[in-house]
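Written below as structure tokens is the structure these notes are about.
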Amino acid sequence: MYLSEIATGGPQYFDLAPWVLFFPLLGLLVNLIAGGRLPEKVIGAVASTASGLAFVVAVLQAISLIGHPEGAVIPLADWIAIDDLRLRWALQVDTLSVTMMLVVAGVGTLIHIYAVAYMHEDVRINGDPRRYRRFFVFFNLFILAMMVLVSADNYLMLFVGWEGVGLCSYLLIGFWYDKGKDGIGNAVAGKKAFIVNRIGDFGFLIAAFVMFSAFRTFQFEGVFTQAPEVAMQLPAAIVLITFFMLLGVAGKSAQIPLHVWLPDAMAGPTPVSALIHAATMVTAGVYLVARSHPLYVLVPSAQTAVALVGGLTALLAATIAVAQFDIKRVLAYSTISQLGFMVSAVGMGAFTAGMFHLVTHAFFKALLFLSAGSVIQGVEHGLHHVEHDPSLKKKLGPHPHDYDPQDMRNMGGLRTRMKTTFWVYLIGALALAGIAPLAGFWSKDEILAEASVLKPGVYWLLTAAAFFTAFYIGRQVLMVFFGKPRSEPAAHAKENPPLMTVPLIILAGLSLLGGALNLPGIHTFGHWLEHTIRIEAAVKEIYAAGRPIGEFNPLVAGVSTLLALLALFLAWWIYGRRGETLAPHPTARAADDPLRQALGPLFTLLHNKYYVDELYGYIVVKPYQALSRFLAEVVDWAFWHDWFHDSVLAGGYRWLTRLLAVRIDLGIIDAIANGLGEATRRASQLLRRVQTGYVRNYALSVFFGVVLILGYLILR
């Protein structure tokens with residue numbers, strides 16, 4: 001409804017909603033225009049303040065919704081008016097959109113503050129301090145694009161934000177575009193993310209085209225109001241919309257088969273991984289399904305497909321994470337897996353559970369990524385110390401430039417060197433593993449409880465994924481923080497400044513207490529969302545035949561907790577007792593992981609990600625490259641350039657010019673001109689004989705002329 005239609009029921013600040021867009025816009029404009037003359041601390045302060053003020057506005061919107069849970073639509077301007085298509089630029093303020101605003105701006109602000117210190121070191125380690133300003137311009141641009149996405153009141157405006165966050169992801173993944181393998185590795189990673197996301201965007205666009213054809217509108221309210229009637233008259237349209245939308249979700253939220261871009265996205269700076277690829281952008285697909293719930297509940301087959309895609313993704317990514325060595329890559333596959341939990345939840349109709357896990361995951365996964373960044377910088381400080389100590393530098397081996405500060409095989413023993421980072425990392429790890437009473441336990445348990453009733457097959461997939469989750473995060477903690485340092489840089493690592501550790505402590509607190517948002521029996525978060533997602537009760541009744549779900553299930557919770565503890569114990573059994581025997585990478589000859597010895601080829605399969613990238617390389621990339629070479633070398637160069645351009649166009653032009661020059665110009669036009677000249681020349685030769693130079697001849701000629709004239713006149 002419009003702002004003027006809101007009933008009085010407490011304080012309302014809906015008119016301030018546009019500032020969730022304006023503050024990030026102002027922040028990026030200030031740094032873009034004046035940042036070149038500002039010191040780094042001011043640049044970081046401007047960007048962080050812009051994000052922080054957007055969070056304040058989001059809090060005010062939440063306060064407004066307490067008294068006015070029906071929400072509001074705040075129009076800003078007319079946007080598109082073409083025939084039947086009438087769209088305004090307006091903000092949808094309801095409990096679902098404001099939840100996303102709070103997550104984006106709240107977690108985003110903490111990551112901005114962290115990045116102020118992190119990027120100060122990162123730009124110097126990578127040798128280009130001038131890029132500091134660019135980073136925060138991109139960061140504020142991302143907050144702006146994400147706010148456009150979650151505040152949209154129609155699918156087309158949502159798509160603008162959808163594309164905006166995709167652009168920011170590309171810019172930030174390739175932020176160090178001249179780094180990586182062969183000097184282009186990071187640029188290639190950014191391109192890969194961009195291309196894979198375009199495949200998902202194709203699905204979103206097809207869904208939007210079908211939607212407009214069936215509904216004649218993109219407005220949420222108009223689409224959802226007409227949905228039951230359209231489902232009766234044009235059932236195929238709803239099916240197409242929901243399935244093509246699933247393709248968009250798979251692209252943006254890194255679900256199979258479009259999950260391959262997210263691990264490579266770790267090429268960006270760690271704050272990028274935390275903000276875009278863990279806490280916010282990748283959850284856009286989950287938000288899209290939750291926002292489109294009135295459509296999905298009309299297509300059970302689409303719900304089943306979404307739930308299965310999420311469940312399979314959760315298990316696939318969790319198993320891959322078991323065999324990775326890069327500290328950020330483990331967390332990347334963890335993110336894919338946890339996104340699978342969320343997608344599966346909203347797919348099966350457990351929208352509150354899915355959104356609840358989205359919120360708690362933003363807390364503990366942002367914490368884990370930022371803590372991983374703290375670890376990386378701590379080890380890089382140690383590497384810097386070792387490189388400047390001749391007696392230590394030789395211990396790096398014959399190729400010290402190959403030392404990887406992100407490889408967990410080069411770490412160990414950091415709990416004594418980086419105590420704050422260790423404790424916050426441990427809290428995030430236990431939250432991810434689903435250990436009570438941390439936030440991850442409550443949100444993941446709610447998904448498992450609802451899956452056990454709604455989709456038993458998906459429940460077993462998610463339960464298996466939960467077991468592997470606890471194992472790989474236990475393995476990571478043990479490899480990074482326990483045992484003895486397995487390299488000199490790890491032995492000389494040091495803790496980072498408070499500007500980095502304080503946001504970690506805050507996120508650790510949220511990871512510890514975040515489960516209170518939706519405790520069993522209270523369901524604060526569920527009651528909050530039910531003002532927007534009103535269909536969930538009907539969904540529960542349809543699928544559960546009246547059985548109460550969403551309540552605490554001791555059996556499900558007990559099984560998941562026991563499996564998590566068993567996985568953590570197994571991780572300790574393999575890595576905790578043998579941490580000192582793990583070989584540092586890349587110079588050691590001993591086995592780098594005891595699990596490799598135990599699993600053999602299976603470990604290689606997991607380490608190589610089931611060879612999905614290689615499979616795509618053979619069936620998509622290489623044929624595409626071969627087709628590109630054929631089009632470039634044969635069609636474009638040999639046919640189009642050499643034959644058509646050179647033979648047809650250039651040859652035809654040369655033939656025509658020869659015809660015009662030789663046959664027409666020389667043969668006809670010049671021949672006529674030359675003939676006239678020759679005739680004139682011959683006539684002049686004849687007339688020259690008359691020109692004798694003697695007066696008597698001229699007089700005689702005149703005489704004969706007069707005689708001829710007189711004779712003519714007389715005869716006439």
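- Residues meeting the salt bridge (charged side-chain N to carboxylate O under 4.0 Å, His left out) test with Asp613, sequence neighbours left out: Lys192, Lys609.
- Using a cut-off of 4.0 Å between Lys/Arg side-chain N and Asp/Glu carboxylate O, Lys622 and Glu614 are scored as not salt-bridged.
- Remark: Lys179 NZ is packed, more than 12 non-hydrogen atoms of other residues, nucleotides or ligands lying under 6.0 Å away.
- Proximity of Phe139 to Ile111: side-chain heavy atoms (C-beta onward) are separated by under 4.5 Å at one or more points.
- Here the two rings, on Trp637 and His645, have centers that are 6.0 Å apart or farther.
- In the displayed structure, Phe159 atom CZ is contacted under 6.0 Å by more than 12 heavy atoms of other residues, nucleotides or ligands.
- For the residue pair Ser334 / Lys365, a side-chain donor-acceptor distance below 3.5 Å is found, with atom types taken as modelled.
- Between Phe220 and Tyr155, the ring-plane angle classifies as perpendicular under the 30° and 60° cut-offs.
- Counting only heavy atoms from C-beta outward, the side chains of Lys252 and Val282 never approach each other to under 4.5 Å.
- Minimum interatomic distance between Cys168 and Leu141 (heavy atoms only, all atoms of both residues): SG-CG, 3.5 Å.
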**Asked** Yes or no on side-chain contact (heavy atoms from CB on, under 4.5 Å) for Phe218 and Leu85, after CA distance, side-chain angles and deciding distance?
**Response** CA-CA 8 Å; Phe218 289 113; Leu85 180 58; 3.5 Å; yes
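- The aromatic rings of His361 and His357 lie tilted to each other, with the angle between the two planes from 30° to 60°.
- To the nearest 0.5 Å, atom CG of residue Asp201 and atom CD1 of residue Ile195 are 12.5 Å apart.
- Residues Asp407 and Lys328 are not paired through a salt bridge, judged by the lack of any N-O separation under 4.0 Å between the basic side chain and the carboxylate.
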**Asked** What's the verdict on side-chain hydrogen bond (donor to acceptor under 3.5 Å, both in side chains) for Thr304 and Lys455, showing C-alpha distance, side-chain angles and the deciding distance?
**Response** CA-CA 8 Å; Thr304 301; Lys455 300 286 183 184; 2.9 Å; yes
**Request:** Dump the intermediate steps for side-chain contact (heavy atoms from CB on, under 4.5 Å) on Leu432 and Gln338, then the final yes or no.
**Result:** CA-CA 9 Å; Leu432 174 61; Gln338 295 305 302; 3.6 Å; yes
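- A distance of 11.5 Å separates OG of Ser628 from CG of Asp636, quoted to the nearest 0.5 Å.
- Using a 4.5 Å heavy-atom threshold, the side chains of Val249 and Val306 count as separate.
- Geometrically, Arg198 engages Phe194 in a cation-pi contact defined by less than 6.0 Å to the ring centre and at most 45° from the axis.
- Qualifying salt bridge (charged side-chain N to carboxylate O under 4.0 Å, His left out) partners for Arg329, counting only residues two or more places apart in sequence or in other chains: Asp264.
- Remark: the backbone N or O of Phe644 is not paired with any side-chain donor or acceptor of Ser647 at under 3.5 angstrom.
- Between the side chain of Arg486 and the backbone N or O of Met408 there is at least one donor-acceptor pair closer than 3.5 Å.
- At least one side-chain heavy atom of Thr604 sits under 4.5 Å from a side-chain heavy atom of Tyr611.
- The ring of Phe369 has its center no closer than 6.0 angstrom to the ring center of His277.
- Side chains of Tyr425 and Gln476: a donor on one and an acceptor on the other come within 3.5 Å.
- Heavy-atom minimum distance, Ser337 versus Ala317: N-CB, 3.6 Å.
- One distance of note links CG of Asn197 with CG of Leu258; it measures 8.5 Å at 0.5 Å rounding.
- In this structure, Ser151 contributes its side chain and Met147 its backbone to a donor-acceptor pair below 3.5 Å.
- Within the model, atoms CG of Leu358 and CE of Met342 stand 5.0 Å from one another, a figure rounded to the nearest 0.5 Å.
- Nearest approach of Tyr296 to Thr242, heavy atoms of both residues: OH-O, 2.8 Å.
- Salt bridge annotation for Arg475-Asp593: present, with a cationic side-chain nitrogen under 4.0 angstrom from a carboxylate oxygen.
- Remark: the Trp176 side chain and the Asp122 side chain contain an N/O donor-acceptor pair separated by less than 3.5 Å.
- When all heavy atoms of His259 and Ile336 are compared, the closest pair comes out as O-CD1, 3.7 Å.
- Phe325 carries Arg409 over the face of its six-membered ring, with the cationic atom under 6.0 Å from the centre and within 45° of the normal.
- Minimum heavy-atom separation, Ser253 to Leu339: O-CD1, 3.2 Å.
- At a threshold of 4.5 Å between non-hydrogen side-chain atoms, the residues Gln324 and Leu606 do not count as touching.
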**Request:** Output, in order, the C-alpha distance, side-chain angles, deciding distance and verdict of ring-ring contact (aromatic ring centres under 6.0 Å, His included) for Phe244 and Phe204.
**Result:** CA-CA 6 Å; Phe244 274 110; Phe204 192 117; over 10 Å; no
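- Aromatic ring centroids of Phe135 and Phe175 lie under 6.0 Å apart.
- At distances below 3.5 Å, not a single donor-acceptor pair connects side-chain atoms of Glu450 with backbone N or O atoms of Ala353.
- More than 12 heavy atoms of other shown residues, nucleotides or ligands fall within 6.0 angstrom of atom OH in Tyr610.
- Considering every non-hydrogen atom in both Ala366 and Val107, the closest pair reads CB-CG1, 3.8 Å.
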**Message:** Go through it in stages, so that I can follow the logic: the residues are Val103 and Phe363, the test is side-chain contact (heavy atoms from CB on, under 4.5 Å), and I'd like the CA-CA distance, side-chain angles, deciding distance and then a yes or no.
**Reply:** CA-CA 9 Å; Val103 171; Phe363 298 156; 5.6 Å; no
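- Taken to the nearest 0.5 Å, the CE atom of Met211 stands 8.0 Å off from the CD1 atom of Ile238.
- Not one N or O on the side chain of Lys444 forms a donor-acceptor pair closer than 3.5 Å with the backbone of Ala431.
- The backbone N or O of Gln255 sits nowhere less than 3.5 Å from a side-chain atom of Thr313 that would complete a donor-acceptor pair.
- Counting heavy atoms from C-beta outward, Ile184 and Tyr177 have side chains that stay 4.5 Å or more apart.
- At a threshold of 4.5 Å between non-hydrogen side-chain atoms, the residues Met411 and Ile327 count as touching.
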**Message:** Could you walk me through whether Phe142 and Leu167 satisfy the side-chain contact (heavy atoms from CB on, under 4.5 Å) test, starting with their C-alpha distance in whole Å, then the side-chain angles of each, then the deciding distance to 0.1 Å, before giving a yes or no?
**Reply:** CA-CA 9 Å; Phe142 169 77; Leu167 170 64; over 6 Å; no
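- To the nearest 0.5 Å, atom CD1 of residue Ile241 and atom OG of residue Ser292 are 9.5 Å apart.
- With sequence neighbours excluded, no residue satisfies salt bridge (charged side-chain N to carboxylate O under 4.0 Å, His left out) with Glu380.
- Between His293 and Phe224, the ring planes are tilted. Angles from 30° to 60° get that label.
- Between Ser97 and Tyr287, the side chains place no donor N or O within less than 3.5 Å of an acceptor N or O (distance only, hydrogens not considered).
- For the pair Val322/Leu595, a side-chain contact is recorded, criterion being any heavy-atom separation below 4.5 Å from C-beta on.
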